[in-house]
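Just so it is clear, the values below take in all heavy atoms, side chains as well, and ignore hydrogens, waters and symmetry mates. Residue indices begin at 1 and follow the sequence shown.
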Amino acid sequence: MPLGQRAGDKSDSRYCGVEVLDFPAGDGLPAVLTHSLSSAFDFLLAPLVDPDYRPTPGAVLPVAASDLVLSPSQWSSHIVGKVSEWIDLDSEDEQLRLNSELTLKQEIAWATHLSLQACVLPPPKRSTCANYARVVNNILQGLTNMQLWLRIPLEKSESMDEDHDKVNNNNPTSETVDSWESWNSFRLLCEHSSQLYVALDILSSLPSMNSLGRWFGEPVRAAIVQTDAYLTNARGYPCLPKRHQTLLTGFFNHSVQVIISGRSNHNLSQVSEGVLSGDENHTEDTPTRHALGPYLDYIAYLYQRMDPLPEQERFEINYRDFLQSPLQPLMDNLEAQTYETFEKDTVKYTQYQRAIAKALVDKVSDDEVSTARMVLMVVGAGRGPLVRASLQAAKETGRKLKVYAVEKNPNAVITLHSLIKLEGWESMVTIISSDMRCWDAPEKADILVSELLGSFGDNELSPECLDGAQRFLKPDGISIPSSYTSFIQPVTASKLHNDIKAHKDIAHFETAYVVKLHRVARLAPPQEVFSFTHPNFSPKATNQRYTKLQFELPQDTGSCLVHGFAGYFDAVLYKDVHLGIEPNTCTPNMFSWFPIFFPLRKPIYVPSESPIEVHFWRCCGSTKVWYEWALVAPSPSPIHNSNGRSYWVGL
């Protein structure tokens, strides 16, 4: 049964399994499964074959149980296969190597016959695992539905200052161990297969939080928590250290399932379900309770104490790690459904209303309220949310306003006319059905308002549009927004990389995507890329940009793999009123923009403590605007999207 109920969470992390350590021969597997399910575990990690088996001519594979002892749905839903741990495909012993290859293929074939959803592979036994990876890669190419989870112990030795001196003196005894390196080597050899996942062994000690953070961008499917990792609380019950709690909470949020493994280290014959919830009088007769039941209780306690998913997260959950092409607002007319989604973002329009109100107060003093009438132009008015925000700001401040609503989409203009009539705004609002770049305004504006920002700030051509529209503005006029800046940061994003790789072409790796980032590891803080200010009356103004950035990873992170760059923006609407999605300053509860993702054609390996240097260009042509990007350190990548060959925004 699930660990508990958490509003909005329908992910696999609700289910907890248990590892079967002893080979359940004969009819033992059904009994073990029944006992575990009755003790509230959801599935077993169970050996498929007798661990003493070695291939011999004519021998029948000594499986744990016939496929007939469990129903097909039980095999599929409640059993994760565990491949024999003695297998060593990189052994110097040729016979062991050959036996290992044959056995691995036999066990995976049996698991496929049982319709298991996943099998756990033993961890690589050596730093060099090329033959192991080769055989697994061959198997992966023949799999259709089953996943393979590579078991990796979660460990990374943290060198002290004196150890660094030893390393610098080439002292081999001080060599650091980082199990992420084993995983990275294995998955690179297996060509980033989308059916290869990680099952992390959670041990009693953990690396630093920066080191652990790398795994959130990797395809981790299970966290196998060893009973040795548990401490004992004041009442004698198992509990986990703070860092373990933080890690598991992060895994719960990333759809990672927990599997409990090991022998019971706590002599508890019976465990009350009420103990962890504080009910000391609660008793329950559980004479056959699973020996690892108290450990399960604690995992359930950790899950149940998590906050419910916020309403915004529930709204966005189906968009997590889903790649979308950015809008082309100048080339395409938006549909009603798109307008409606954006119009529901009340936080965004509240910020706009605040900015407009401040601008009106600055433009019209209290002494001029009765006589002065400001001219405000909404360029790209859509179906009217900014028109409404402007009129509400005028009402709030007691200022008089004349509004021009300029919109190029003829379908949205129809809705605008209906809105103006419905609200009785005919005397205050004039609708202009035209592209703002072509319209000749009958008078100059005091305030120019637009919402042309994209996920990267300028990626929906706000600079080009506002440059064309600023001729409407008086010399002392105000543009809202007044400026905006884009940001990027390097990320590990294995899922996004595999989704793009599935297209099997370069063009998709040279396209920027709007995506609700979820299964990513953010490797360094974001840095500024391009900035634009409006109005910009300089005769030498250009919207072409070029910048180079260097990112330093925290020293204790270790090595990592960069799959691309996450992009954000922050905009100053007016004075101290801003909105944006840059993680450090993002506007709370705003959902109009997801981050943008610039992928790399080939992921770049970054050694520990090596800087990442990236170059970004914003290029402008007569009919399009596009970005180019390239890594130059720690190793150079090709320049992506040269001359806008794969991705551009049309003017």
Side-chain angles (χ1 to χ4, degrees), residues 17-37 39 41 43-126 129 131-132 135-136 138-140 142-143 146-153 199 201 222 224 226-227 259-264 290-292:
V18 61
E19 181 173 10
V20 179
L21 299 179
D22 301 316
F23 180 66
D27 295 330
L29 186 61
V32 171
L33 178 61
T34 300
H35 183 208
S36 298
L37 293 179
S39 299
F41 287 101
F43 62 93
L44 299 181
L45 172 58
L48 298 173
V49 173
D50 188 332
D52 294 329
Y53 166 74
R54 299 296 183 274
T56 55
V60 177
L61 193 68
V63 297
S66 162
D67 53 349
L68 301 176
V69 302
L70 297 176
S71 68
S73 64
Q74 286 178 309
W75 282 114
S76 178
S77 301
H78 298 298
I79 303 294
V80 172
K82 182 170 67 169
V83 173
S84 296
E85 296 179 353
W86 61 265
I87 285 176
D88 184 357
L89 283 113
D90 292 286
S91 171
E92 296 295 328
D93 184 331
E94 183 178 9
Q95 191 59 50
L96 174 56
R97 193 168 64 245
L98 294 174
N99 285 345
S100 297
E101 180 171 347
L102 179 58
T103 303
L104 176 59
K105 291 179 177 178
Q106 288 176 326
E107 294 193 26
I108 297 299
W110 176 244
T112 303
H113 172 73
L114 297 174
S115 298
L116 300 189
Q117 292 188 36
C119 266
V120 173
L121 302 172
K125 292 182 170 57
R126 308 163 197 282
C129 55
N131 193 49
Y132 187 9
V135 175
V136 169
N138 289 342
I139 293 170
L140 286 165
L143 293 180
M146 191 169 70
Q147 300 173 354
L148 297 184
W149 301 354
L150 182 67
R151 193 163 184 165
I152 296 287
D201 262 317
I224 305 174
Q226 301 296 321
T227 54
I259 299 173
I260 298 174
S261 175
R263 311 288 181 187
S264 176
H290 197 291
L292 299 184

Do I224 and L45 touch side chain to side chain, with heavy atoms closer than 4.5 Å?
-> yes
Is E101 paired with R97 through a side-chain N to carboxylate O contact shorter than 4.0 Å?
-> no
With side chains defined as the heavy atoms from C-beta onward, is the minimum distance between L148 and V83 less than 4.5 Å?
-> no
Answer yes or no: is there a donor N or O on one side and an acceptor on the other, between the side chain of K82 and the main chain of V20, under 3.5 Å?
-> yes
State, yes or no, whether a side-chain contact exists between L44 and V32 at a heavy-atom distance under 4.5 Å.
-> yes
Taking atom OG1 of T112 and atom CD of E107, what is their separation to the nearest 0.5 Å?
-> 11.5 Å
Quick one: does K125's side chain have a donor or acceptor within less than 3.5 Å of a partner on I87's backbone?
-> yes
Tightest non-hydrogen contact, residues L48 and A111, listed as CD1-CB, 3.8 Å
Nearest heavy-atom pair of P62 and Y53: which atoms, and what distance?
-> CD-CD1, 3.2 Å
I would like to know whether V63 and H113 meet side chain to side chain contact (heavy atoms under 4.5 Å, CB included); could you show each step before the answer?
-> CA-CA 12 Å; V63 297; H113 172 73; over 6 Å; no
So, the side chain of S91 versus the backbone of D93: is there a donor-acceptor pair under 3.5 Å, distance only?
-> yes
Separation between CG (L116) and NE2 (H78), nearest 0.5 Å, reads 12.5 Å
Any idea which heavy atoms bring P55 and W86 closest together, and the distance?
-> CD-CH2, 4.4 Å
Report yes if some heavy atom in the side chain of P47 is under 4.5 Å from a heavy atom in the side chain of F23; otherwise report no.
-> yes
What distance separates E92 CD from R126 CZ, expressed to the nearest 0.5 Å?
-> 6.5 Å
In Å, rounded to the nearest 0.5 Å, how long is the span from CG of N99 to OG of S84?
-> 11.5 Å
Looking at W110 and L61, what are the two nearest heavy atoms and their distance?
-> CB-CD2, 4.3 Å
Stepwise side chain to side chain contact (heavy atoms under 4.5 Å, CB included) check, V135 with S100 = CA-CA 10 Å; V135 175; S100 297; over 6 Å; no
Whether W149 side chain and A118 backbone form a donor-acceptor pair below 3.5 Å | no
Quick one: pull up CG in L37 and NE2 in H290 and give me the separation to the nearest 0.5 Å.
-> 10.0 Å
Measure the shortest side-chain to side-chain distance between D90 and D88 over non-hydrogen atoms and say whether it is less than 4.5 angstrom.
-> yes
Taking all atoms of both residues into account, what is the closest heavy-atom pair of S77 and Q117, and its distance?
-> CA-NE2, 4.4 Å
Check for a donor-acceptor pair, side chain of N131 on one end and backbone N or O of L89 on the other, with a separation under 3.5 Å.
-> yes
4.5 Å side-chain heavy-atom contact, I108 and L143 = yes
For the pair S76 (side chain) and P72 (backbone), establish whether a donor and an acceptor sit closer than 3.5 Å, ignoring hydrogens and angles.
-> no
With side chain to side chain contact (heavy atoms under 4.5 Å, CB included) as the test, would you mind laying out the steps for T227 and S264 before giving the verdict?
-> CA-CA 7 Å; T227 54; S264 176; over 6 Å; no
Output for pair (C119 SG, I79 CD1), nearest 0.5 Å, gives 11.0 Å
Counting N and O atoms only, with roles assigned by atom type, does the side chain of S39 sit under 3.5 Å from a partner on the main chain of F41, one being a donor and the other an acceptor?
-> no
Grab the two heavy atoms, one from P122 and one from L150, that are nearest each other, plus how far apart they are.
-> O-CD1, 3.6 Å
